[in-house]
*Asks:* 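Dropping the structure in here first, questions after.
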Amino acid sequence: MENNIYDPFGLVQNYRELAHGKARADAIRYAAEQADLNNDIPYMIFFREEFCEESNWYADNIDIFTVLPELLALSDKYPDAEPVPFQYDDIMDNVLMYYGNMFLSSSEFYQIPLEECIKFSNDYKRRWMAAGHNANRPYRYMASFYRATGHTADAIKAFKNFKGLPLEPCECPGCIANSEIYHYLFATGEKEKADKIAAKIENGTIKCRGAFDNSFSLLRLKSNYLDYYIAHGCYEKAAECAAVLEHSQCNTKEFKPWASIMCAYVYSKPGRAMRIYKKHCQEWEEERNPFTKFFEYKCAACFFKGLQKAKDTVKIHFPASFPLYNTDNIYKISALIEYYYKGAEDIAAKFDQRNGTDKFTNGLGITFKNAGN
């Protein structure tokens, strides 16, 4: 874009040359602002779609809660807006996809009241069905939300409703299978059922459709089991899952859970685990998603608990902003355990207060206890 001439094609080219993450998300936000200034309705919609996509997979999904309402309002006001050349899918299908993602993400922010999350769910379901779909996906998302917030009975009820409706052609077999696996692992404790479905993903019988090959569904599978094995103290199996995720070519945030990978390696690859910690620990301090930060701190506490079996201190060059910083760069592992456990505990209390359950506090205690076994 030269001489301040509005050029939406140039704006798209500019941000698509950037690596995925914050810089690219910021460039897309700038593009949306330029479209707003020029009242370019199609691109006002498109750039917000692009921002939601980038934030969901690579950047900071808290920003979706600002941009998605704007996208909904635009799509409501201009239902007949023409697609831009970069849009290959139906606009409303995209908007509904991002709305569903926002509802799921609402469980991850204790700042959002539970009643507000339920409103998202109900409005999403209404819009989804008004677009000619059945309630299969909304019920699946409700089950996920209730699992995340600790309302297990509601999760089981929503899951039953989901299973009672036929799948639509737009649904992805791999994603559906992983949803069922997660439910059996973390809601009902029916690991045998989860394992039977997992075997079909492992052998390629079930895979993600469309642009994703079987690697996508396999990575999500490994991520699910990584969480499960860490929670149950099965670190050898957790390390196997972590290795698949670490060495995959997919760099989305979901499939590079560095804190979990680090934690899984504490007994089998402690040196590699420490290198991961030193590389990513500052990112965890700056994390804006409290759900993600809870897991990062929980895994860090478990990691140092395991490491404490081999040593009492560790040398780390923290920045001066780190709460435990000292000029010697030598830290007692017991102090690091306490720091991360207390941080996770504080976040857990806020989630449990919002959710009206004890899921986070109990989960933290059990996972930490199992880390030393």
Side-chain angles (χ1 to χ4, degrees), residues 48-49 52-53 55-57 61 64-65 67-69 71-72 75-76 79 87-109 112 114 116-149 151-188 193-194 197-198 200-201 206-212 214 216-217 219-221 223-224 252 254-255 291:
R48 284 170 171 81
E49 289 183 3
C52 289
E53 179 79 6
S55 297
N56 184 65
W57 289 103
N61 63 353
I64 292 177
F65 293 92
V67 175
L68 194 281
L71 179 57
L72 283 172
S75 62
D76 287 343
Q87 282 171 314
Y88 306 110
D89 299 315
D90 181 81
I91 293 175
M92 185 50 63
D93 284 348
N94 285 342
V95 172
L96 288 171
M97 178 179 67
Y98 300 131
Y99 197 1
N101 291 341
M102 189 187 80
F103 163 55
L104 290 174
S105 295
S106 69
S107 68
E108 301 177 3
F109 296 90
I112 303 175
L114 196 67
E116 192 70 19
C117 299
I118 300 303
K119 287 181 182 178
F120 290 152
S121 173
N122 292 335
D123 187 49
Y124 167 69
K125 180 182 177 185
R126 176 185 65 81
R127 289 173 178 270
W128 179 257
M129 296 185 71
H133 302 287
N134 68 30
N136 177 285
R137 185 182 293 188
Y139 280 129
R140 177 162 60 94
Y141 285 3
M142 287 179 197
S144 177
F145 174 82
Y146 285 127
R147 282 195 304 271
T149 54
H151 294 89
T152 305
D154 290 326
I156 292 172
K157 180 179 178 181
F159 186 82
K160 183 177 180 180
N161 289 335
F162 147 68
K163 291 290 287 181
L165 291 169
L167 293 179
E168 296 186 274
C170 61
E171 298 294 356
C172 170
C175 294
I176 294 294
N178 270 297
S179 292
E180 296 183 10
I181 288 169
Y182 198 91
H183 183 81
Y184 293 134
L185 289 177
F186 293 98
T188 63
K193 286 187 177 182
I197 302 173
K200 295 181 180 181
I201 294 178
I206 297 177
K207 60 183 68 178
C208 283
R209 65 173 178 83
F212 300 113
N214 191 45
F216 188 90
S217 54
L219 292 177
R220 181 162 287 166
L221 172 71
S223 181
N224 288 340
T252 62
E254 178 183 0
F255 302 133
F291 185 84

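Predicted, not measured: the structure shown is a model, and the values here were computed from it.
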*Asks:* Can you measure from CZ (Phe120) to CZ (Phe103) and round to the nearest 0.5 angstrom?
*Replies:* 10.0 Å
*Asks:* Given side chain to side chain contact (heavy atoms under 4.5 Å, CB included), test Phe145 with Ser121 step by step and report yes or no.
*Replies:* CA-CA 9 Å; Phe145 174 82; Ser121 173; over 6 Å; no
*Asks:* Taking all atoms of both residues into account, what is the closest heavy-atom pair of Tyr99 and Asp123, and its distance?
*Replies:* OH-OD2, 2.6 Å
*Asks:* Could you go through Ile91 and Glu49, starting from their C-alpha distance and side-chain angles, then the distance that decides it, and tell me whether this counts as side chain to side chain contact (heavy atoms under 4.5 Å, CB included)?
*Replies:* CA-CA 9 Å; Ile91 293 175; Glu49 289 183 3; 3.5 Å; yes
*Asks:* Would you please name every residue forming a side chain to side chain contact (heavy atoms under 4.5 Å, CB included) with Leu104, sequence neighbours left out?
*Replies:* Tyr141, Ser144
*Asks:* How far does SG of Cys52 sit from CG of Leu71, to the nearest 0.5 angstrom?
*Replies:* 5.5 Å
*Asks:* Compute the ring centroids of Tyr182 and Phe159, then answer whether they are less than 6.0 Å apart.
*Replies:* no
*Asks:* Could you tell me the separation between the NZ atom of Lys125 and the CG atom of Asn134, rounded to the nearest 0.5 Å?
*Replies:* 10.5 Å
*Asks:* Do Ile197 and Lys193 pass the side chain to side chain contact (heavy atoms under 4.5 Å, CB included) test, and can you show the C-alpha distance, the side-chain angles, and the key distance before you say yes or no?
*Replies:* CA-CA 7 Å; Ile197 302 173; Lys193 286 187 177 182; 5.6 Å; no
*Asks:* When you measure from the side chain of Ser179 to the backbone of Cys175, do you find a donor-acceptor pair of N or O atoms at a distance under 3.5 Å?
*Replies:* yes
*Asks:* Can you name the nearest heavy-atom pair linking Leu96 to Ala131, along with the distance?
*Replies:* CD1-CB, 3.8 Å
*Asks:* For Trp128 versus His133, what's the shortest heavy-atom pair and its separation?
*Replies:* NE1-CB, 3.0 Å
*Asks:* Using a 3.5 Å distance criterion without hydrogens, assess whether the side chain of Asn178 forms a donor-acceptor pair with backbone atoms of Gly174.
*Replies:* yes
*Asks:* What is the minimum heavy-atom distance between Gly132 and Glu168, and which atoms define it?
*Replies:* O-OE2, 4.2 Å
*Asks:* Please report the interatomic distance OG(Ser106) to CD1(Ile64), rounded to the nearest 0.5 Å.
*Replies:* 11.0 Å
*Asks:* To the nearest 0.5 Å, what is the distance between CG (Asn136) and CD1 (Ile176)?
*Replies:* 5.5 Å
*Asks:* What are the two closest non-hydrogen atoms of Ser217 and Ile206, and how far apart are they?
*Replies:* OG-O, 4.1 Å
*Asks:* Where do Ser105 and Phe109 come nearest, in terms of heavy atoms and distance?
*Replies:* O-CD1, 3.2 Å
*Asks:* Under the salt bridge (Lys or Arg N to Asp or Glu O under 4.0 Å) rule, what pairs show up with a residue in residues 171-181, not counting sequence neighbours?
*Replies:* Arg137-Glu171, Arg140-Glu171, Lys163-Glu180
*Asks:* Quick one: NE2 on His151 to CD1 on Ile156, what's the gap to the nearest 0.5 Å?
*Replies:* 13.0 Å
*Asks:* One thing to verify: whether Asp154 and Lys157 come together as a salt bridge, which I'm taking to mean a side-chain N less than 4.0 angstrom from a carboxylate O.
*Replies:* no
